[in-house]
Enquirer: 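Please find one structure pasted underneath; my questions will follow.
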Amino acid sequence: MAPSSNRRSGSSRRAQYTTFIGYLVGGAGAIIGGALLIVSIFNPGFMSTLRGAGTDAVAPASSIVAEGKADSEGLVETISGYLDAGRKNAHLKRDIERAKVRLVEADAIAEENARLKSLLGLMDENPKPVAAARLIGSTSSSTRRFATLGAGARSGVSVGMPVRSPMGLVGRVLEVSNSTARVMLITDSESVVPVRRAKDGVPGFAQGRGDGTLQIRLINLGINPLKRGDTFVTSGSGGLYRPNTPIAIVASVTGDGAIAHVISDPANNDYVIVEPMWAVHPSSSSQDEAPATGEAPAP
Amino acid sequence: MRRPFEDALTRRINRAPSPIVATAVPWITVMLGSLTPAIPLIASSPVLPPFGFMFLVAWRQIRPGLLPVWAGLPLGLFDDMYSGQPFGSAMLIWSVAMIVLDVIEARFPWRNFWQEWLVGSLMTAVCLFAGALFATASGASTPPILIAPQLMLAVLLYPLAGRLMATFDRFRLLRFAKVR
């Protein structure tokens, strides 16, 4: 159909002016938007107060839905668990037998570890978590990967703190408002985490690709020693992320590194933990750190 | 005992649409579309189409001139508060989109379903591409195929978004204010 002709302002001066000013402001809007865009590309924290206030405003609704979602997922898991209970039972029994043996071994290792640490005079560095909260939203239609955390400055969260789940590293706090915080997930394209291979400490960086995977770049170039299934943990170089937090498993090897899957998929985590920022202590930084990684120290 | 809206649905004489509702509904629906990041869906890659933008284009096609040409500026600002894009990205894209839609309408005054779907899909595609470009402007590297899933979803959902906005348009014009 043809559009209504209410755009034609006719001979009324007032209507003509209204139309003209509409176009003028529309064009100005594009220019203002472009200017703000350039500012915020060079200064990503631009307007973070406004963003924080906006996120705070909708956070109560998001939290309620997040709780409901966690409950309903639990229900689905319970029902689907019944469907193959027999097979699963056999599997679990076998796994428990194996796990019991492993547990004894682990106990022995823990004891040895404690003894060696006391010999070295090291403190056991397990800091108290700052806060435990739900991730209550994420930028699901943007190519940047940010999540909203349901705890903010009021709970003691501050910028730069690493966020982890029981499985592994999730991201770090980028902006904080009163009751929420914006978390940059490790899969974001601007997130870079210093990592090392868990079994032998091959150092590298894990950079997000925006699609749920990480690009592992090795520091020592040459023959690529990575294999499918290698596990990476944070190395703690440069501070910020505590060492030995699991982060990714190699999925495919590339020329200069590997593409890795994130161990702790933030979508599966009910709660995440905000840890205090980790700082490299001069006394304890010498053992297994990757030397001279070029990473700037924590702000 | 009267049910809610019974008056609005049955009585036509001596009733008029409320001017506040008639004006506010398009703005509110577009803002609700922009609030998708408040849904507790922790996506590991962009999966949801830009609902706010799609609703804006749909309103523009259903009721040309209802949202003013400059509506992209305030609505884009609201979208920027939640979307995770660099601030100003939606303000720029949405403002330009409103002007482009005006030009398209002047150029092709006779329209049909397929043409509107095509225009809506193309606009959304450009919006997504430009958004991805702006998001990576500060040196990040993401594979360009990243926006393919949400683009596909956006194209498929566009007619539905139009239907939804048409439903809201009927609600907008319900006659529930008494004429004195």
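Quantities reported herein were computed from a predicted structural model and do not represent experimental measurements. Numbered from 1 within each chain, the chains take letters A, B, ... in sequence-line order.
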Enquirer: Considering residues, nucleotides and ligands other than B/Phe113, do more than 12 of their heavy atoms fall under 6.0 Å from its CZ?
Expert: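 For B/Phe113, atom CZ is crowded (more than 12 foreign heavy atoms under 6.0 Å).
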Enquirer: Can you tell me how far CG of B/Leu92 sits from CD1 of A/Ile31, rounded to the nearest 0.5 angstrom?
Expert: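 So the CD1 of A/Ile31 and the CG of B/Leu92 are separated by 10.0 Å.
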Enquirer: Where on B/Leu73 is there a heavy atom nearer than 4.5 Å to chain A: the side chain, the backbone, both, or neither?
Expert: side chain
Enquirer: State the OG-CG distance between A/Ser40 and B/Asp80, to the nearest 0.5 angstrom.
Expert: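 Atom-to-atom, A/Ser40:OG and B/Asp80:CG are 7.5 Å apart.
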Enquirer: Given the options B/Pro49, B/Pro50, B/Ser95, which has more heavy-atom pairs under 4.5 Å with chain A than any of the others?
Expert: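 Among the listed options, the one with the most contacts to chain A is B/Ser95.
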Enquirer: What heavy-atom pair brings B/Ala43 and A/Ser138 nearest, and what distance separates the two atoms?
Expert: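 What the structure gives for the nearest pair is N-OG, 3.1 Å.
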Enquirer: What part of A/Arg209 gets within 4.5 angstrom of chain B, counting heavy atoms only: side chain, backbone, both, or neither?
Expert: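 A/Arg209 touches chain B through backbone and side-chain heavy atoms alike.
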Enquirer: Among A/Ala59, A/Gly29, A/Ser142, which residue forms the greatest number of heavy-atom pairs with chain B at distances under 4.5 Å?
Expert: A/Ser142
Enquirer: In terms of heavy-atom proximity below 4.5 Å to chain A, should B/Pro68 be classed as side chain, backbone, both, or neither?
Expert: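 Interface part for B/Pro68: neither.
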Enquirer: Under 4.5 Å from any heavy atom of chain A, what part of B/Leu35 do you find: side chain, backbone, both or neither?
Expert: side chain
Enquirer: If I measure from the heavy atoms of chain A, does B/Ser83 come under 4.5 Å with its side chain, its backbone, both, or neither?
Expert: backbone
Enquirer: Which atoms form the tightest heavy-atom contact between B/Trp70 and A/Gly26, and what is the distance?
Expert: CB-N, 3.7 Å
Enquirer: Looking at B/Ser45 and A/Asp211, what are the two nearest heavy atoms and their distance?
Expert: CB-CA, 3.6 Å
Enquirer: In terms of heavy-atom pairs under 4.5 Å, which option from A/Thr18, A/Thr187, A/Leu135 contacts chain B the most?
Expert: A/Leu135
Enquirer: Looking at chain B, which one of A/Gly212, A/Ala30, A/Ala61 has the largest number of heavy-atom pairs inside 4.5 Å, strictly under?
Expert: A/Ala30
Enquirer: Would you indicate whether the side-chain heavy atoms of B/Phe134 and A/Leu37 approach each other to under 4.5 Å?
Expert: yes
Enquirer: Could you measure the distance from the CG atom of A/Asn43 to the CZ atom of B/Phe87? Nearest 0.5 Å is fine.
Expert: 12.5 Å
Enquirer: Using a 3.5 Å distance criterion without hydrogens, assess whether the side chain of A/Arg144 forms a donor-acceptor pair with backbone atoms of B/Pro86.
Expert: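 Judged by distance alone, no pair lies under 3.5 Å.
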Enquirer: Looking at A/Gly22 and B/Val69, what are the two nearest heavy atoms and their distance?
Expert: O-CB, 3.9 Å
Enquirer: Got a donor-acceptor contact below 3.5 angstrom from the A/Ser62 side chain to the B/Ile39 backbone?
Expert: no
Enquirer: To check you understand the geometry: which heavy-atom pair defines the closest contact between B/Met81 and A/Arg182, and what is its length?
Expert: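 That closest heavy-atom pairing would be O-NH2, 4.0 Å.
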Enquirer: Roughly how far apart are B/Leu77 CG and A/Ile32 CD1, rounded to 0.5 Å?
Expert: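 Rounded to the nearest 0.5 Å, the CG-CD1 separation comes to 10.0 Å.
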Enquirer: Return yes if some donor-acceptor pair links the side-chain N/O of A/Ser140 with the main-chain N/O of B/Pro37 below 3.5 Å, else return no.
Expert: no
Enquirer: Is the backbone N or O of A/Gly54 less than 3.5 Å from a side-chain atom of B/Tyr82, with the two atoms forming a donor-acceptor pair by type?
Expert: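 Yes.
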Enquirer: Give, as side chain, backbone, both or neither, the part of B/Gln150 having an atom under 4.5 angstrom from any heavy atom of chain A.
Expert: side chain
Enquirer: Any donor and acceptor pair, going by atom type alone, linking the side chain of A/Thr139 with main-chain N or O of B/Gly84 inside 3.5 Å?
Expert: no
Enquirer: Identify the heavy atoms of B/Met91 and A/Leu36 that sit nearest to each other, and give their distance.
Expert: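 Residues B/Met91 and A/Leu36, closest heavy atoms: CE-CD1, 3.3 Å.
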Enquirer: Output the distance between atom OG (B/Ser44) and atom CG (A/Asp188), rounded to the nearest 0.5 Å.
Expert: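 Result: 12.5 Å between the selected atoms.
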